[in-house]
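The next block holds one structure in the form of structure tokens; read it before the comments.
It should be emphasised that the depicted structure is a prediction, and the values quoted were computed from it without experimental measurement.
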Amino acid sequence: MAAPLDLDQLQTFISISDTGSFTRAADEVHRTQSAVSMQMRRLEERIGKPLFEKDGRSNRLTADGERLLAYARRLIHLNRETLAAFDDRALEGSMRIGIPDDYADRFLPEIMARFARSNPRVELTVICEPTPGLVDNLKRGNLDLAIVTHDDAAALSEVVRREPLLWVSSANHATHEEEVLPMAFGRPTCVWRRSACEVLTQMKRDYRVLFSSYSATVITAAVLSGLAVSVLPECALRPGMRVLGEADGFGALPDCRIGIIRGHAGRADIVDAIARHISDSLDNISVPQAEDAGGFDIAPFTSAVRGRKARPVHVAQGW
């Protein structure tokens, strides 16, 4: 029977991938650099494949290393969940998190499932509001943590995931061909709205804001009914939508950056735990692929980079 993999080696392997450096990984796992190198040599011997290759003065994962990384993350997560299930000192209490409804459908199931399995004694209260409302609630102490759309002007959040921001229209209507483009946006404080208006101005495209709402459901309804064009991150695409690209005369938009902000009112241990689970979950969630997209027209978007993610070193404390 083959010997099991060493979880310590796998944790070090993940740290090297996340930090991009043997030296920084050594600090993170509290080992010397020579000990980390020895761990990786033994892991390569156990796997029977090279996991790293030289890239100038640095090392990068080989194709086999990338394959192992996905398995390593799953094994480490399962190990944490197993230990938590038998830990009489497991976290207990309540946790209030906030998330915009643009992200909730795609991200909440994974986040809640991961956290509940590892921390069954913690009660989660989830509030769905736009980012400005979540930030206000954090300041007032009404939330312990929020997943938000990062805004450079405020720079409050730690970015944990990047996705393309896309022009979207109905797949069954030619709304985007109207002389004066009807638009559906969030309220004037919306980061995506500001970005879209700037690009439309640069395109010298006439437009009018036909619908304005904090509700992602309202914006989605306006798009799917063929009444308006909007902008959404890739995670918010729905069946029946068409992504508009350069061939349709639409300029590129900046990435949507998703971040985490921690408040100051909750228990630090529970906040730290949910922050780690959220970061891990967002890092592992894939974007919908064309074959399982449920019918949205993604043809104009096939050249874009999918699911661009940013792994944080830490989660910002906020206030």
Just distance, no hydrogens or angles: give the donor-acceptor pairs under 3.5 Å from side chains in residues 215-229, sequence neighbours left out.
| residue | atom | partner | partner atom | Å |
| --- | --- | --- | --- | --- |
| S215 | OG | T217 | N | 3.2 |
| S215 | OG | V218 | N | 3.3 |
| T220 | OG1 | A216 | O | 2.9 |
| S225 | OG | A221 | O | 2.8 |
| S225 | OG | A222 | O | 3.2 |

Find out whether W167 and V243 are in side-chain contact, i.e. whether some heavy atom of one side chain is under 4.5 Å from a heavy atom of the other. no
All ring-ring contact (aromatic ring centres under 6.0 Å, His included) counterparts of F22, not counting sequence neighbours: F52
Does the side chain of T189 pick up a donor-acceptor pair with the side chain of R194 at under 3.5 Å? no
From D151, T131, L165, V148, residue fulfilling side-chain contact (heavy atoms from CB on, under 4.5 Å) relative to V191: D151
Give me the atom names and distance for the closest heavy-atom approach of C256 to Y103. SG-OH, 3.3 Å
Classify the angle between the aromatic ring planes of Y207 and F185 as parallel (below 30°), tilted (30 to 60°) or perpendicular (above 60°). perpendicular
Quick check: closest heavy atoms across I16 and A25, and the distance to 0.1 Å? CG1-CB, 3.5 Å
Residues two or more places apart in sequence or in another chain: which of them pass side chain to side chain donor-acceptor pair (under 3.5 Å) with E53? R60
Considering residues at least two apart in sequence or located in another chain, which fulfil the side chain to side chain donor-acceptor pair (under 3.5 Å) criterion with T201? none
Partners of Q33 by side chain to side chain donor-acceptor pair (under 3.5 Å), sequence neighbours excluded? T23
Which residue pairs satisfy the side-chain hydrogen bond (donor to acceptor under 3.5 Å, both in side chains) criterion with at least one member in residues 35-49, sequence neighbours excluded? T12-Q39
